[in-house]
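Every chain is numbered from 1, with letters handed out A, B, ... down the list of sequences.
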Amino acid sequence: MSNITISLPDGSERELPEESTVLDLAASIGSGLRKAAVAATVDGRDVDLGTVLHDGNEVSIVTNDTEAGRHVLRHSTAHVLAQAVTQLFPGAKFTIGPAIENGFYYDFELPDGGTFSEADLEAIEAKMREIVKENQPFMRSEHSLDDAKEIFADQPYKVEMIERVEAAQQDGDAADAEDAGEVGDGSTISAYRNTDAFIDMCVGPHVPSTGKLGFFKLQRVSGAYWRGNEKGPMLQRIYGTAWESKQALQAHLQQLEEALKRDHRKLAVEQDLLSFPSQLGGGLAVWHPKGATIRKLIEDYSRQRHEHGGYEFVYTPHLANAKLFETSGHLDFYADGMYPPMEMDNGTYYPKPMNCPMHCLIFDSRQRSYRELPLRLFELGTVYRYERAGTLHGLLRIRGFTMDDSHIYCSEEQLADEISSLISFVLSVLGAFGFDEFTFNLSTKDPDKSVGSAEIWDRATEALRSALVGQGLDYSVKEGDAAFYGPKIDIHVRDAIGRSWQLSTIQVDFNLPERFDLEFVGADNNRHRPIMLHRALFGSVERFFGVLLEHYAGAFPTWLAPVQVRVLPVAVAHEDYAADVAAQLREAGARVEVAAADDGLGKRIRTAKMDKLPYVLVVGDDDTAAKTVGVNPRGGDVERDVPLDEFIGRFTSEVADAESAALGS
RNA sequence: GCCCAGAUAGCUCAGUCGGUAGAGCAACGCAUUCGUAAUGCGUAGGUCGUGGGUUCGAUUCCCACUCUGGGCUCCA
């Protein structure tokens, strides 16, 4: 028997006996690799470990501790879930079950419109563990379309998918990406069989057997539309998470717990920042004094930056005549997302869903010269959007919110510079809130849905792109993701526990200047159409506040903390001195309060720590005599006998430094 | 809007197989005056989300609505 030679990613080669599989190869390299291997890539194709190798193959082994490896684990675990459900719920139809970020899901239809309960999840998970224990093989097979339809005759959703592949082939299209993951796009259908009773259509690859799985947990059950179609059947979806080891699973679950602890809705109640009274209606918040203090600081900071950034401030009303939104096109495109109209004074009025039409009216209020451009109009403008009831989510999805909204009117020649300085501006402002990791998406034209000439789209897209490149920023292109009126850049930030949030957007608009017939007189004494940029840094102040609350886990930095210092007199006798300390701090600009000595000191320290105050000052006999304070900073060590003047100096310079750093000066 | 789950004191939650409810924390009062993460005792606090139905009787069972949570869909 002759040997075959295969090559590995590091360029090395290995000889193996003929008929060797990928798993044999892994074993020949080392037992650790054999255990960690879950699949492989052979000559660029994703395959199972059982695949027989041929002379000259280029093989890369996929291990379970990589994203690709976890993807295989998760997809395989989804199959186990489907098998468990079909065993426990006879007659259940299974549809698709992909791996997703951190886990997987599978969608089912239960007989007679049945639904899963939380209790069912436990039973299903127990059944899955049995299947894992049985170490069932994942046996791959290939079938003609007709045979596949036979095999899945009692699974109407699978049959539908096969028929789609059939239709796609007849049309010469590739199958839907969604289906491709399940069935492949070739002329045959691949499937994986675990037992005589359970086979699922799947392009693979899968782990060799269910025994390779096990570090998983079912998380929740929810409804999901078949093919995401709102008018299609509502299926039952089970979500789970799966990992390569117990440690990785636990780390993930811990991360989820951490996120739960940081939930802005929970922290907002705990810290008395704001609330959503049910009497007010869904998606509408009231801001309590402490939340309002932080919000005001954020807004003041934003105003200050915009003032320095060459913006002019404007105010516009909350209502507008329907004609305005007819002109802007919002009624054509977004009527469903607007609050219903009010009839008054023989006219129809709407709460505004956007500030831009009104800013266009300001631009249009008199003749404009090229000397005025770029004209940057800024407003913290509150808008109202009718978000569907099921989509509301704390401050992150809300019906009344305030955009840090600006519309910049400029000439085409100014566009590139304007965008470039805008990006620096965004990063600098967001950086002040401790965000230092950004990702950028460039959304390009949707050919089926756009206004404006191809030429101007190209130039605008190029302006956005070159602004990103010019600053050395990596970005992903989202083909066809632009709004109909122009291309855009979306900016995401990574928060303290690694989550990504979309905040800022910079959008080029060719549409509104056209619709409002905006013009300026150029140096050539001719009339020209300006280009308009929509941009928001926070997006919505409310949403930004929610993100910030989670980012800081409620522990706002000193410059933003609603209460910066709490003074604790050790005993009643020290209350006068405590009040004096507070007064002097207040005089120096600090937000300070005194906690009277009617509770134990330990108790008051604890409360202050739970309140996440930046500074706790303890004052007793020694301090009263020597005009000192005991300083207990958040996250630092206690320091006794600090002269009050010294503390005030330190405190004010800390805040001043933070502010000047934030202002980028 | 759709699927599922939920709503009991300011907060976190227990409870009533149908007979109008209880704890901890918070609040308030009294005592304690204390040097860095919970002093003790006591008091008050709830039309059990809203409205209807069934019932001798509903916080509990049923229906509708509102709000909330997890998803789906949507997000200018």
Searching all strands shown, indicate the nucleotide that pairs with [N] (Watson-Crick or G-U wobble; both distances under 3.5 Å).
| N | value |
| --- | --- |
| B/U39 | B/A31 |
| B/A7 | B/U66 |
| B/A76 | none |
| B/C61 | B/G53 |
| B/A14 | none |
| B/A21 | none |

Nearest to the [X] side chain among [options], which nucleotide is it?
| X | options | answer |
| --- | --- | --- |
| A/Met354 | B/C3, B/G1, B/A76 | B/A76 |
| A/Lys609 | B/U36, B/C72, B/A37 | B/A37 |
| A/Arg265 | B/C34, B/G70, B/G1 | B/G70 |
| A/His393 | B/G35, B/G70, B/A76 | B/G70 |
| A/Met234 | B/G71, B/G35, B/A76 | B/G71 |
| A/Ile605 | B/U36, B/U39, B/G1 | B/U36 |
| A/Leu392 | B/G70, B/U68, B/G35 | B/U68 |
| A/Val269 | B/G70, B/C11, B/C34 | B/C11 |

query: Is any side-chain N or O of A/Tyr239 closer than 4.0 Å to OP1 or OP2 of B/C72?
result: yes
- request: Would you please confirm or rule out a distance under 4.0 Å between OP1 or OP2 of B/G35 and any side-chain N or O of A/Lys603?
  value: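 So the side chain of A/Lys603 is outside the cut-off, no N or O lying under 4.0 Å from OP1 or OP2 of B/G35.
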When we call it a touch if two heavy atoms are under 4.0 Å apart, what does [X] touch: a base, just sugar-phosphate, or nothing?
| X | answer |
| --- | --- |
| A/Gly602 | sugar-phosphate |
| A/Asp336 | nothing |
| A/Thr115 | sugar-phosphate |
| A/Phe333 | nothing |
| A/Ala571 | base |
| A/Glu270 | nothing |
| A/Gly390 | base |
| A/Tyr485 | sugar-phosphate |
| A/Gly283 | sugar-phosphate |
| A/Ala483 | nothing |
| A/Phe484 | nothing |
| A/Ser278 | sugar-phosphate |
| A/Gly337 | base |
| A/Gln219 | nothing |

Any donor-acceptor N/O pair under 3.5 Å between [N] base and [X] side chain:
| X | N | answer |
| --- | --- | --- |
| A/Tyr386 | B/G1 | no |
| A/Arg397 | B/C74 | yes |
| A/Arg388 | B/U73 | yes |
| A/Asp621 | B/G35 | no |

query: Are A/Tyr239 and A/Phe104 near enough that their ring centres are under 6.0 Å apart?
result: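 Centroid distance A/Tyr239-A/Phe104: not below 6.0 Å, so no.
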field: Pairing of A/Lys352 and A/Glu379 as salt bridge, 4.0 angstrom limit
entry: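 Salt bridge present between A/Lys352 and A/Glu379.
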Give a yes or no on whether [X] atom [atom1] has more than 12 heavy-atom contacts from other residues, nucleotides or ligands under 6.0 Å away.
| X | atom1 | answer |
| --- | --- | --- |
| A/Asp637 | CG | no |
| A/Lys627 | NZ | yes |
| A/Gln502 | CD | yes |

side-chain hydrogen bond (donor to acceptor under 3.5 Å, both in side chains), paired with A/Tyr157, selected from A/Glu109, A/Lys93, A/Arg227: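 Result: among A/Glu109, A/Lys93, A/Arg227, A/Glu109 is the only option passing the side-chain hydrogen bond (donor to acceptor under 3.5 Å, both in side chains) with A/Tyr157.
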- prompt: Rounded to the Å, how far apart are A/Asp599 CG and B/G40 P?
  reply: 11 Å
query: How many Å lie between NE2 on A/His264 and C1' on B/G69, as a whole number?
result: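 To the nearest whole Å, that distance equals 12 Å.
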message: Whether A/Arg74 engages the ring of A/Trp243 as a cation-pi pair (distance to the six-membered ring centre under 6.0 angstrom, angle to the ring normal within 45°) should be assessed.
response: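 Here A/Arg74 passes the 6.0 Å and 45° test against A/Trp243.
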Identified side-chain contact (heavy atoms from CB on, under 4.5 Å) partner of A/Leu361 from the options A/Thr327, A/Thr316, A/Leu324: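 Looking at A/Thr327, A/Thr316, A/Leu324, the match for A/Leu361 under the side-chain contact (heavy atoms from CB on, under 4.5 Å) is A/Leu324.
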